[in-house]
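To find a chain, count down the sequence lines: A is the first, B the second, and so on, and within it residues start at 1. If you're wondering where the values come from, they're calculated on a predicted model, not measured in any experiment.
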There are 2 protein chains.
Amino acid sequence: MTQTSSHEATAESPNTAEQSTPSRRELNKAATRSSIASAALDLLRSNGPGNFTVEDIAASAGVSRRTFFNYFPSLEAALASVADGFMDHALEQFRLRPAEESILESAQAALMALADPMSVAPMAELFSLTQDNRQLARSELEAWEHCTAQIIDAARSRLGAGISELYLHALAGSVISCGKAAMTVWFIERGPDLSQESLAVLRQHLIDAMGLLGGGFAPPSNAFSTAASASPSVPTTKDRF
Amino acid sequence: MTQTSSHEATAESPNTAEQSTPSRRELNKAATRSSIASAALDLLRSNGPGNFTVEDIAASAGVSRRTFFNYFPSLEAALASVADGFMDHALEQFRLRPAEESILESAQAALMALADPMSVAPMAELFSLTQDNRQLARSELEAWEHCTAQIIDAARSRLGAGISELYLHALAGSVISCGKAAMTVWFIERGPDLSQESLAVLRQHLIDAMGLLGGGFAPPSNAFSTAASASPSVPTTKDRF
DNA sequence: GTGCAAACTTGCACTTAGTGTAAGTATGTG
DNA sequence: CACATACTTACACTAAGTGCAAGTTTGCAC
């Protein structure tokens with residue numbers, strides 16, 4: 001989670017190289033952090049949302065309550081770090097796409113990269129465990145929002161600073177909304193089912209949602225048929241995977 | 001805010017009529033509620049975000065701390081009730097649109113209705129006072145999310161239950177994202193400026209954002225010129241206001 | 001390795017959010 | 001007027017989140 005970095009004590013690695021020497025300290029910190037996060041996830045699994053406290057997580061992770069708060073600003077943030085990992089992965093994929101590709105294509109490709117079991121499993125689990133809890137749902141909204149902001153930045157640097165801010169904001173927001181919609185609908189239909197068949201459905205939903213967006217949400221009667229043909233810049237992509 | 005209704009004690013008015021006799025009780029409750037909300041807004045104005053407590057609000061509204069929590073589940077919710085009023089207004093407009101109109105057109109029309117000073121003033125103020133506070137920003141996200149859910153319902157009942165859920169979710173989410181984008185960009189550009197000129201800018205942003213959406217976010221080089229021509233179902237609407 | 005400074009952890013004390021409960025006060029009804 | 005119901009309030013309690021100061025670990029120089 002990028003926003004929690006401000007709560008960590010280390011500023012930057014002392015060596016000018018980027019990741020040559022992770023240094024004992026950083027390794028320890030990373031270990032502690034992930035141990036807290038997975039303790040939180042375990043408790044979410046076993047006790048259900050709302051039925052455990054920060055103290056429980058800290059005890060289960062073998063640290064003090066105070067240390068928990070040195071790593072995460074709230075209980076929800078600890079759980080949201082799972083979603084953040086998922087989205088960081090997506091953003092990485094997005095930024096790796098060739099600059100000449102359209103934003104929608106890049107977004108679609110990036111989202112595709114998430115429909116594999118390894119990436120989507122923790123996210124799907126969070127989704128399922130989170131559904132009925134207000135606090136947790138909020139954190140998830142925040143994670144999506146954070147992701148939107150990142151896309152805006154990435155798209156701006158790709159398209160040049162001259163591009164309309166409204167275009168950037170509306171596009172990034174819509175892309176995220178469509179990704180969110182695909183996951184939500186998938187989850188409603190399939191629950192936490194991570195089989196190949198189920199993931200194929202998710203993948204198709206992601207494709208369809210982007211197709212709808214690229215097609216300007218042509219009226220529903222022919223929504224799916226026109227979605228592909230009406231969007232020359234997003235050529236269906238269905239056959240690419 | 002619709003979701004706070006579960007925290008209120010009254011279930012339904014005793015008389016079968018809808019709003020004939022608001023009854024002393026309901027009047028008192030409404031008065032208390034709005035007095036709490038405006039006390040919260042006053043404190044936000046005078047002290048800035050994060051620099052006042054629920055106890056302060058309760059004292060300022062002349063009720064006990066406990067009563068505050070009988071009306072609102074959190075400090076943020078009290079402030080968010082302002083945004084909720086704004087969005088309820090928009091949803092009302094949306095639902096009043098003729099059924100044969102496209103969803104995008106209806107959404108655009110509904111959003112237009114909000115660009116008048118009376119509606120937008122409290123929202124803009126919240127926006128400005130809220131910008132740098134995490135908790136408050138979360139509540140606002142929640143309000144948008146709530147609004148999205150309402151649009152999904154409204155669109156489903158308009159388009160019939162046979163319509164694809166993915167279509168509904170993606171469309172509603174994108175519409176809201178575009179509305180949010182228009183407001184965000186407007187606010188970045190103009191700050192809390194509610195002059196006629198500034199509102200015209202907001203209006204134009206709302207139109208443009210919906211145009212972009214209807215046009216499938218045609219590549220930026222010709223984003224604005226093609227946005228209108230590429231969306232036959234959303235005929236610019238610029239000349240309607 | 002010895003020593004020292006910086007980073008990290010922890011316990012403690014404190015404020016505030018939020019909730020359950022039971023007793024009090026207002027409101028509507030016969 | 002009497003009575004039931006809705007609403008407010010005080011009180012007590014759990015838990016979130018933060019500041020601070022003392023302890024412990026790590027990195028680095030000698």
A:Arg156/A:Glu165 ion pair, N-O < 4.0 Å: yes
Looking only at D:dT18, C:dC8, D:dT26, the nucleotide nearest the A:Phe69 side chain is D:dT18
Those residues that, when tested against A:Ile176, pass side-chain contact (heavy atoms from CB on, under 4.5 Å) (two or more places apart): A:Trp144, A:Cys147, A:Thr148, A:Ile151
Give, for atom CE of B:Met183 and atom SG of B:Cys178, the distance between the pair rounded to the nearest 0.5 Å. 14.0 Å
Partners meeting ring-ring contact (aromatic ring centres under 6.0 Å, His included) with A:Phe86 (sequence neighbours left out): none
CD/B:Glu189 to CG/A:Leu166 distance, rounded to the nearest 0.5 angstrom? 8.0 Å
Near-strand residues of residues 47-56 of chain A, defined as heavy-atom separation under 4.0 angstrom from DNA chain C: none
Separation of A:Phe68 atom CZ from C:dC8 atom C1', in whole Å? 17 Å
Verify the distance criterion only: is there a donor paired with an acceptor across the side chains of A:Arg33 and A:Ser81 at less than 3.5 Å? no
Polar atoms only, N or O, under 3.5 Å: list the protein pairs with nucleotides 21-24 of chain D and their distances.
none

A:Glu76 atom CD is separated from C:dA17 atom P, nearest whole Å, by 16 Å
Residue pairs fulfilling ring pair (Phe, Tyr, Trp, His ring centres under 6.0 Å) with at least one residue in residues 169-188 of chain B, sequence neighbours excluded: B:Phe127-B:Phe187
Please write out each protein N/O paired with an N/O of nucleotides 9-13 of chain D under 3.5 Å, distance rounded to 0.1 Å.
residue : atom : partner : partner atom : Å
D:dT9   : OP2  : B:Ser64 : N            : 3.0
D:dT9   : OP2  : B:Thr67 : OG1          : 2.7

So, is B:Tyr71 near the phosphate of D:dC7, with a side-chain N or O under 4.0 Å from OP1 or OP2? no
Looking at CZ of B:Arg45 and CD of B:Glu125, how far apart are the two atoms once the value is rounded to the nearest 0.5 Å? 4.0 Å
Between C:dA26 (P) and B:Lys29 (NZ): distance, integer Å: 17 Å
Contact between A:Leu111 and A:Arg203 at the side-chain level, heavy atoms closer than 4.5 Å - yes or no? no
Has the side chain of A:Thr130 got a donor or acceptor atom that lies under 3.5 Å from a matching backbone atom of A:Leu126? yes
Just the rounded figure in Å: distance from C1' of C:dA17 to CZ of B:Phe72. 16 Å
Protein-nucleotide distance (A:Leu75, atom CG; D:dT14, atom C1'), rounded to Å: 14 Å
Answer yes or no: does a side-chain N or O of A:Asn28 lie under 4.0 Å from OP1 or OP2 of C:dC8? no
Are A:Ser195 and A:Ser198 linked by a side-chain donor-acceptor pair shorter than 3.5 Å? no
In whole angstrom, give the distance that lies between atom CG of B:Leu27 and atom P of C:dT27. 11 Å
